[in-house]
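Reading through the structure tokens given below for one structure.
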Amino acid sequence: MKYLYVSGCSFTWGVGLDNPPEENWGYFLGNKLEVPVRNYSYPGQGNDEIFRKLYELLYTTKSLPSIIVIQLSELTRIRIFDDIDMEWKSASVANWEFPKKTQDYYFKYYYSVYQNVYYLFTQMLLLKDKCDSLGIKFYVFDGICNINKDCLEHIQERISGAQEKDRLLGLYQAIKDKNFL
């Protein structure tokens, strides 16, 4: 069955619209392409979960979409699996009730813009190749992630190692060359 698979965060879900299921951009794109739409987005969803769900779909589902369109979310939105409760939970700083000092330590010692952009680029390239091998059209757009403005400029300004910059910019160039972003 042909269908359009869309995923993202609140922008793709349709927060702020009177009737999100019938007013979001995915619904209108599906109508334009004359295919049913399956919208797997929800407010606050991060890129790691968007891609994890997409891998699950591609490797465990018989009914594959004909087109996939992903809206990139914020890099800081992360979900981790809680082994005690046996469920995925938000690990985003926005959900923490810790003092600002603790949050500052997280960004200084644990969180890495470089690492998250690197993972984002490699996941996008892997998914593009997988979709190509299955005959699925795959597109990604930079909804609220601001790869160019925030991420790459931040990395170019703060990373001193030429090898790391070149590696990341090479991945970005590969994405641009494949023309799906």
Side-chain angles (χ1 to χ4, degrees), residues 5-12 40-42 44-61 64-65 67-83 88-96 98 100-181:
Y5 177 104
V6 299
S7 192
C9 61
S10 58
F11 177 74
T12 299
Y40 292 92
S41 60
Y42 69 85
Q45 183 170 227
N47 298 320
D48 65 328
E49 187 165 20
I50 292 168
F51 292 136
R52 186 180 66 255
K53 287 180 179 179
L54 188 50
Y55 278 119
E56 290 171 5
L57 172 88
L58 295 175
Y59 284 99
T60 64
T61 306
L64 295 175
I67 303 169
I68 296 171
V69 181
I70 301 298
Q71 172 246 314
L72 296 178
S73 185
E74 292 182 20
L75 290 174
T76 57
R77 292 179 177 168
I78 299 167
R79 291 181 67 84
I80 58 172
F81 193 79
D82 181 336
D83 285 337
W88 289 96
K89 292 186 177 179
S90 176
S92 299
V93 177
N95 297 333
W96 293 356
F98 294 120
K100 183 176 178 341
K101 184 177 180 179
T102 304
Q103 293 180 26
D104 291 345
Y105 282 145
Y106 170 78
F107 282 110
K108 184 174 181 180
Y109 298 110
Y110 179 73
Y111 180 82
S112 166
V113 173
Y114 177 89
Q115 179 177 332
N116 281 297
V117 171
Y118 178 85
Y119 286 150
L120 175 67
F121 288 174
T122 56
Q123 294 301 316
M124 286 169 43
L125 287 166
L126 290 169
L127 282 167
K128 172 64 173 150
D129 288 345
K130 179 64 176 173
C131 287
D132 286 352
S133 74
L134 294 170
I136 299 170
K137 294 178 183 174
F138 179 71
Y139 302 98
V140 176
F141 71 94
D142 194 355
I144 61 172
C145 188
N146 290 325
I147 290 172
N148 290 321
K149 184 175 180 234
D150 294 335
C151 301
L152 292 178
E153 286 179 8
H154 173 82
I155 288 165
Q156 288 177 337
E157 291 171 5
R158 298 191 58 188
I159 294 185
S160 57
Q163 183 179 7
E164 287 81 11
K165 279 184 193 178
D166 290 345
R167 182 178 299 123
L168 196 61
L169 294 174
L171 288 171
Y172 185 59
Q173 187 61 49
I175 289 168
K176 287 171 49 177
D177 291 346
K178 288 183 181 260
N179 201 26
F180 66 95
L181 174 65

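All residue numbers refer to positions in the sequence shown, counting from 1.
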Atom [atom1] in [X], atom [atom2] in [Y]: separation rounded to 0.5 Å?
X      : Y      : atom1 : atom2 : value
Tyr40  : Glu49  : OH    : CD    : 13.5 Å
Gln71  : Asn47  : CD    : CG    : 8.5 Å
Leu134 : Leu64  : CG    : CG    : 6.0 Å
Glu164 : Leu169 : CD    : CG    : 11.5 Å
Leu58  : Phe138 : CG    : CZ    : 8.5 Å

Given 3.5 Å as the limit, does a donor-acceptor pair link the side chain of [X] with the main chain of [Y], or not?
X     : Y     : result
Ser7  : Ile50 : no
Asp48 : Arg79 : yes
Tyr5  : Leu57 : no

For this session: State whether a side-chain donor-acceptor pair under 3.5 Å links Tyr55 with Gln123.
Result: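 Tyr55 vs Gln123: donor-acceptor pair found between side chains.
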Problem set entry | Basic-acidic side-chain contact under 4.0 Å: Lys53, Glu56 | no
Exercise. Where does the angle between the aromatic ring planes of Phe141 and Phe11 fall among parallel (under 30°), tilted (30 to 60°) and perpendicular (over 60°)?
Worked result: perpendicular
For this session: Could you tell me which residues satisfy side-chain contact (heavy atoms from CB on, under 4.5 Å) with Leu125, sequence neighbours excluded, listed by chain and number?
Result: Leu171, Ala174, Ile175, Lys178, Phe180
For this session: Could you tell me which residues satisfy side-chain contact (heavy atoms from CB on, under 4.5 Å) with Ser133, sequence neighbours excluded, listed by chain and number?
Result: Lys130
Any idea which heavy atoms bring [X] and [Y] closest together, and the distance?
X      : Y      : result
Cys9   : Gly44  : CB-N, 4.1 Å
Gln115 : Ser112 : N-OG, 2.9 Å
Leu181 : Asp142 : CD1-N, 4.3 Å
Pro65  : Ile68  : CG-CG1, 3.6 Å
Ile144 : Glu74  : CD1-CG, 3.7 Å

Problem set entry | Heavy-atom side-chain proximity of Gln45 to Thr12 below 4.5 angstrom |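 The answer is no, as the side chains (C-beta and beyond) never meet within the 4.5 Å cut-off.
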Problem set entry | Residues Val117, Phe121; criterion side-chain contact (heavy atoms from CB on, under 4.5 Å); working and verdict | CA-CA 6 Å; Val117 171; Phe121 288 174; 3.5 Å; yes
For this session: With side-chain contact (heavy atoms from CB on, under 4.5 Å) as the test, would you mind laying out the steps for Ile67 and Tyr139 before giving the verdict?
Result: CA-CA 8 Å; Ile67 303 169; Tyr139 302 98; 4.2 Å; yes
Problem set entry | OH/Tyr119: more than 12 non-hydrogen atoms of other groups inside 6.0 Å | no
